[in-house]
Enquirer: 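Handing you this structure, nothing more for now.
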Amino acid sequence: MSLPKPSIPKGTRDFNPVEMIRRNFIFETIRNVFQMFGYQPIETPAMENLSTLMGKYGEEGDKLLFKILNSGDFMHAVQNLNLKSQNSELKSQNYKDLTPYISEKGLRYDLTVPFARFVVQHQHELIFPFKRYQIQPVWRADRPQKGRYREFFQCDVDVVGSHSLLYEVELVQITDAIFSALGIKVLIRINNRKILAGIADAVGAADKLPDITIAMDKLDKIGLEKVNEELIQRGISREAVEKLQPIFQLEDMLKSNAGILSDFLRNSEIGCKGLEEIEKVNDFLKIIDLNNKFIFDIKLARGLNYYTGTIIEVNALDVAIGSMCGGGRYDDLTGIFGLPDMSGVGISFGADRIHDVMLELNLFPSTIVTSTRVLFINFGADEEKYCLNLASRVRAAGIPAEIYPEQVKIKKQMDYANRKNIPYVVLAGQDEIQSGYIAVKDMKSGEQHTMVIDELITLLQL
RNA sequence: GUGGUCGUAGCUCAGCUGGUUAGAGCGAUAGAUUGUGGAUCUAUAGGUCGUGGGUUCGAGCCCCAUCUUCCACCCCA
């Protein structure tokens with residue numbers, strides 16, 4: 001009779017101590033930068049009312065939401081529904097129709113929508129422009145792949161209550177600062193939804209904007225010909241596709257052949273507005289020094305449909321993994337919760353992908369793995385008591401220390417110190433208790449010195 | 001959600017066209033060394049071969065289902 005092996009749901013992970021130390025290093029780096037720009041932390045619940053989440057991420061997003069089954073007799077509602085619908089033809093067992101009756105809560109899909117809900121709910125307590133950051137897990141019922149998990153951590157910074165393009169620039173600065181601090185080389189891509197709308201406008205396919213952007217986004221991936229095929233398949237006319245060709249050729253829309261774009265958008269009001277915005281952002285960016293490359297990339301689309309202005313995405317230069325970071329401006333996200341005219345802009349860092357990239361490129365500093373600095377060897381009952389006191393004094397000086405819990409062979413205790421990467425071991429037996437000195441062994445060099453406890457503390461405080 | 005792929009000891013893997021009691025390296029534990037670690041040597045433990053069915057005299061190997069992994073699509077951090 002063997003129990004089934006314990007396991008965790010698909011796409012989720014346990015984090016062991018080493019991984020946690022690395023992840024915390026990432027979180028702390030990100031948090032420090034956020035705070036440097038004046039953002040303040042908030043948290044929201046893991047679960048939201050399903051009505052808060054549904055319809056915010058497009059049809060695809062609704063499918064990827066984890067829905068929580070109502071507690072108690074959820075079938076009751078279904079039975080009532082069946083009774084009522086017996087005469088009507090709502091006999092369909094369609095799960096989509098059933099969902100609202102059996103599930104009223106869902107796990108959050110991102111941090112932006114719950115934040116919008118938060119802003120509306122707490123609008124009278126907040127100081128605007130409200131700058132907040134939020135580091136929490138999100139859940140998506142996606143099919144897992146490399147760098148794609150069903151539970152993953154996002155680190156969001158957003159500011160709501162201002163249309164200022166200074167914030168767009170601030171987000172680029174934050175992004176640059178974070179990836180510089182972590183040592184990851186990235187390409188920051190910037191575009192503007194209004195320009196994309198203007199392009200669709202200019203080729204007479206304003207209603208096909210989502211189709212055009214989705215296809216354009218794939219230019220780097222599948223190439224020009226396939227994109228053109230897909231456009232036609234998505235119902236864009238041949239003339240329109242023909243007109244789009246010069247746009248597809250643009251490397252950086254604000255460099256060399258920038259005239260192409262402004263000509264193209266001349267008759268589109270929204271397009272001109274977008275170009276104006278992005279030029280202004282560019283003017284700001286010229287003033288500050290960035291470590292990483294950035295490009296005004298017309299091909300950048302981004303799927304979330306609440307973006308209305310600037311959009312940003314960041315990719316690692318040295319690892320093939322999805323984007324590590326993405327965001328943009330949304331003019332009316334709080335509108336759906338009853339607070340109109342509250343423009344926001346924000347960006348989200350994917351902690352798990354950043355972790356995977358850093359691991360692959362060996363970017364974690366070796367210094368972050370140490371925890372305990374001194375191990376007191378256990379020689380027996382009297383010595384234990386003696387060490388208990390010494391260890392307390394070491395800790396009081398801010399140095400992490402531990403005492404081996406059993407009197408076992410020194411070899412075994414030393415081995416424990418080695419495996420936990422503890423740099424110093426203290427040997428205090430009867431002789432040492434008598435003399436008041438302790439033997440301190442440097443586990444790296446193997447050297448051993450006799451000293452008093454205060455000398456050890458001084459040594460470790462260096 | 002669609003199509004494909006992987007799964008053998010704690011880890012990395014071997015295992016012939018189905019044929020006795022399924023192997024290696026590393027790791028673990030114990031000892032050589034009862035106050036001195038990393039090396040070496042010796043010994044020991046550890047697997048219902050992801051799970052459940054089926055075919056067969058016989059299945060780690062073949063078939064079906066299911067879970068998991070990774071990949072492509074979709075979409076995205």
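As the structure is a prediction and not an experimental result, all values here were calculated from the model. Note that these values count all heavy atoms, side chains included, but never hydrogens, waters or copies made by symmetry.
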Enquirer: Only counting residues at least two apart or in another chain, list the ones meeting side chain to side chain donor-acceptor pair (under 3.5 Å) with A/Lys441.
Expert: none
Enquirer: Under the salt bridge (charged side-chain N to carboxylate O under 4.0 Å, His left out) rule, collect the residues that match up with A/Glu168, sequence neighbours excluded.
Expert: A/Arg329
Enquirer: Tell me, please, which residues at least two apart from A/Glu402 pass salt bridge (charged side-chain N to carboxylate O under 4.0 Å, His left out).
Expert: A/Lys420
Enquirer: Inspect the contact between A/Asp217 and A/Lys299 and indicate whether a charged nitrogen and a carboxylate oxygen are less than 4.0 angstrom apart.
Expert: no
Enquirer: Establish, from distance only, whether the side-chain atoms of A/Arg132 and A/Gln134 form a donor-acceptor pair under 3.5 Å.
Expert: yes
Enquirer: Looking for any heavy atom pair under 4.0 Å, which part of the strands does A/Gly327 touch: base, sugar-phosphate only, or nothing?
Expert: nothing
Enquirer: Categorize A/Arg234 for me: base, sugar-phosphate, or nothing, with a 4.0 angstrom heavy-atom threshold over every strand shown.
Expert: sugar-phosphate
Enquirer: Pairs counted as Watson-Crick or G-U wobble with both distances under 3.5 Å: what dot-bracket string results for RNA chain B, using | for bases tied to another strand?
Expert: ((((..(..((((.....[...)))).(((((.......))))).....(((((..]....))))))..))))....
Enquirer: Give me the one residue out of A/Tyr133, A/Phe27, A/Phe179 that meets side-chain contact (heavy atoms from CB on, under 4.5 Å) with A/Phe349.
Expert: A/Phe179
Enquirer: Output one letter per nucleotide in nucleotides 31-43 of chain B: B when a protein non-hydrogen atom lies under 4.0 Å from the base, S when only the sugar-phosphate is that close, - when neither is.
Expert: S---BBBB-----
Enquirer: Testing the 3.5 Å rule here: is there a donor-acceptor pair between the side chains of A/Gln407 and A/Asn378?
Expert: no
Enquirer: With sequence neighbours left out, which residue pairs that include part of residues 421-462 of chain A fulfil the ring-ring contact (aromatic ring centres under 6.0 Å, His included) condition?
Expert: none
Enquirer: Rounding to the closest angstrom, what is the interatomic distance between B/A43 and B/G50 at atom P?
Expert: 30 Å
Enquirer: Counting only side-chain heavy atoms from C-beta out, which of B/C75, B/C71, B/A77 sits nearest to A/Ser323?
Expert: B/A77
